[in-house]
Amino acid sequence: MVGNTYPYSVQDWLDDIKLASSYLIDGFVLNVGQEDWQRDRVRDCFAAAAQLPSTTRFWFIFSFDMTSIPGNVASDVSYLTAYYQAHSGDARMFKHYRTGGATVSTFSGENCTFGQGSMENGWAYVKGVLNAITPAYFIPSFFIDPSRYNGISAIDGAFNWNGGWPIQLNAGSSRSDLVNAALNQDNAYLQNLTGGRTFMAACSPWFFTHYGPNTWNKNWIYRGDDHLFVRRWQQLISMRNQIDIVQVISWNDYGESHYIGPIKGAQPNSQAWVDGYPHEAWLALNSYFAAAFKKGAYAPVTKDQIFMWARPHPKDANAPESVPRPTNWQITDDKIWAVIFTTAPATVELYTTATDKVTFNVPAGMTKLSRDSAPDGGMKGTIVRNGAVVVECNPIGYRYESRPGVYNFNAAVAMS
């Protein structure tokens with residue numbers, strides 16, 4: 001989200017790029033809006049990337065945020081060309097292997113006509129303008145029935161932005177629908193992206209946003225339970241022959257609580273539910289699955305390690321704030337979620353207090369575990385082998401508050 005990088009320097013960009021690359025991320029999708037200063041930050045981003053060694057594999061894709069950029073008249077294409085003209089020829093722009101075109105995407109845009117009478121004609125016009133600068137490879141995220149993609153000549157593929165969450169769930173969903181909820185939205189995309197067109201899949205660890213009607217009026221959750229991040233990655237790896245690109249949502253979208261990068265830059269008034277809740281352990285966890293997706297095989301576990309996460313308070317706790325609990329607060333469970341990597345069989349202990357523990361016997365490899373949270377407790381995990389603790393994960397600053405000051409359905413994420 002370039003919109004969250006207002007105070008970034010070139011060094012900030014370089015630090016982020018190096019961090020992401022070190023965890024096997026191949027590039028950033030730059031969500032850009034209409035503001036002039038965003039173009040300045042993008043210029044800084046490419047300037048940072050120019051300092052990388054030529055052997056570093058890291059690229060950029062533009063995602064034009066059409067909830068910010070207008071697309072009503074032909075001249076609105078200038079908002080897109082302002083980015084594309086400046087950077088589409090850069091060596092760090094991702095060129096899709098099918099055509100060599102500079103790859104661009106969107107967030108939304110299904111209602112844009114660019115003065116051409118229809119969405120289909122409007123994006124054909126845009127594609128022509130972009131092609132005249134540098135041949136473009138267009139993978140938008142339009143929120144439409146995927147059966148319409150066959151009638152949009154401008155697209156070279158599509159991105160299913162919502163595919164990483166079970167968005168079909170609501171407070172009336174049955175327990176059987178909630179647990180390990182289906183993630184099957186991709187099927188309609190794959191059925192309709194014929195003729196060798198690209199499918200870009202989404203993967204995301206979480207979703208919670210909490211803006212009242214006096215701001216962005218966004219206040220809901222998607223169920224991130226049942227180790228959603230891991231389950232989704234496992235699904236994508238199992239169908240990797242059908243997927244060209246996986247986009248992890250997100251690096252720094254703090255407002256929706258699914259950031260896996262460091263908390264920095266300019267938050268969009270999300271400090272109340274973001275500050276104190278780092279997610280960089282998810283970045284490390286992501287790298288294991290990113291490697292498996294690229295190689296087609298999971299790497300052997302060579303290090304005992306614990307990843308843990310949990311929400312800050314019980315879902316039905318009351319908080320003295322004006323913005324109410326998020327829509328669909330009922331669909332989450334009051335649990336601690338853990339992913340355990342073990343080099344040999346071991347015993348895993350998950351604690352909420354020094355005396356409240358649940359014990360599991362696990363084999364070598366990766367194991368997904370959970371246990372109930374405890375009001376006013378914390379979370380701690382240990383791996384025990386031959387009677388000795390070999391690894392401990394103990395985020396001492398975490399407390400599961402029975403009387404929270406604000407409603408917060410974000411996650412505290414930790415690793416050993």
Side-chain angles (χ1 to χ4, degrees), residues 19-20 22-23 203-208 221 224-233 248 250-254 257-264 270-271 273-290 301 303-315 332-343 346-360 362 366-384 389-402 404 408-416:
L19 178 63
S22 73
Y23 283 103
C203 188
S204 186
W206 208 252
F207 191 107
F208 162 62
I221 70 167
D225 301 40
D226 312 303
H227 310 91
L228 173 69
F229 200 24
V230 173
R231 283 202 306 124
R232 176 60 168 169
W233 261 122
V248 178
S250 63
W251 181 258
N252 70 333
D253 192 339
Y254 311 114
S257 307
H258 41 57
Y259 51 95
I260 65 171
I263 299 169
K264 60 187 284 192
S270 53
Q271 292 90 333
W273 63 92
V274 170
D275 285 356
Y277 294 91
H279 288 179
E280 286 160 277
W282 273 336
L283 175 61
L285 182 61
N286 183 79
S287 66
Y288 177 76
F289 297 98
V301 175
K303 177 183 178 182
D304 293 308
Q305 197 164 21
I306 300 171
F307 295 86
M308 303 177 71
W309 57 93
R311 288 184 291 99
H313 61 75
K315 63 182 178 182
T332 188
D333 295 335
D334 292 329
K335 288 185 177 293
I336 296 167
W337 306 98
V339 178
I340 312 296
F341 290 88
T342 42
T343 58
T347 299
V348 174
E349 299 169 335
L350 299 182
Y351 295 81
T352 60
T353 67
T355 57
D356 177 20
K357 73 176 180 180
V358 179
T359 301
F360 307 84
V362 303
M366 185 192 75
T367 306
K368 292 175 286 188
L369 301 175
S370 66
R371 62 150 298 166
D372 291 342
S373 297
D376 300 315
M379 63 174 168
K380 184 178 84 168
T382 62
I383 298 174
V384 179
V389 174
V390 295
V391 167
E392 178 179 282
C393 180
N394 186 18
I396 57 175
Y398 171 77
R399 178 182 167 91
Y400 192 64
E401 299 286 351
S402 61
N408 189 347
F409 284 67
N410 194 0
V413 189
M415 60 184 280
S416 59

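Basis for what follows: all heavy atoms, side chains included, without hydrogens, waters or symmetry-related copies. Keep in mind the model is a prediction, meaning the values are calculated, not measured.
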Do the side-chain N and O atoms of [X] and [Y] include a donor-acceptor pair separated by under 3.5 angstrom?
X: Asp304; Y: Thr342; answer: no
X: Glu349; Y: Thr359; answer: no
X: Trp337; Y: Asp226; answer: no

Original post:
Charged N to carboxylate O below 4.0 Å: is that the case for Arg371 and Asp356?
Top reply: yes
State, to 0.1 Å, how close [X] and [Y] come at their nearest heavy-atom pair, and which atoms those are.
X: Val301; Y: Met366; result: CG2-N, 4.4 Å
X: Glu401; Y: Arg399; result: OE2-CD, 3.0 Å
X: Ser416; Y: Cys393; result: N-SG, 3.9 Å
X: Phe341; Y: Leu285; result: CE1-CD1, 3.7 Å
X: Leu228; Y: Pro205; result: CD2-O, 4.3 Å
X: Ala284; Y: Ser287; result: O-OG, 2.6 Å

Subject >> All side-chain hydrogen bond (donor to acceptor under 3.5 Å, both in side chains) counterparts of Tyr400, not counting sequence neighbours >> reply: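 Scan of Tyr400 (side-chain hydrogen bond (donor to acceptor under 3.5 Å, both in side chains), adjacent residues dropped) gives Asp334.
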**OP:** Supply the atom-to-atom distance Asp376 CG to Thr352 OG1, rounded to the nearest 0.5 angstrom.
**Re:** 10.5 Å
**OP:** Can you measure from CD (Glu280) to CG (Leu19) and round to the nearest 0.5 angstrom?
**Re:** 6.5 Å
Original post:
Parallel, tilted or perpendicular: which describes the rings of His258 and Phe207, with under 30° parallel and over 60° perpendicular?
Top reply: tilted
Subject >> Parallel, tilted or perpendicular: rings of Phe289 and Trp233 (30°, 60°) >> reply: parallel
**OP:** Could you please spell out the steps behind the side-chain contact (heavy atoms from CB on, under 4.5 Å) verdict for Met308 and Leu350?
**Re:** CA-CA 10 Å; Met308 303 177 71; Leu350 299 182; 4.2 Å; yes
Between [X] and [Y] (side chain of the first, backbone of the second, donor and acceptor by atom type, cut-off under 3.5 Å), is there such a pair?
X: Asn408; Y: Asn410; value: yes
X: His279; Y: Tyr259; value: yes
X: Arg311; Y: Asp333; value: yes

**OP:** For the pair Thr367 and Val348, evaluate side-chain contact (heavy atoms from CB on, under 4.5 Å) and give the outcome as yes or no after the intermediate values.
**Re:** CA-CA 10 Å; Thr367 306; Val348 174; over 6 Å; no
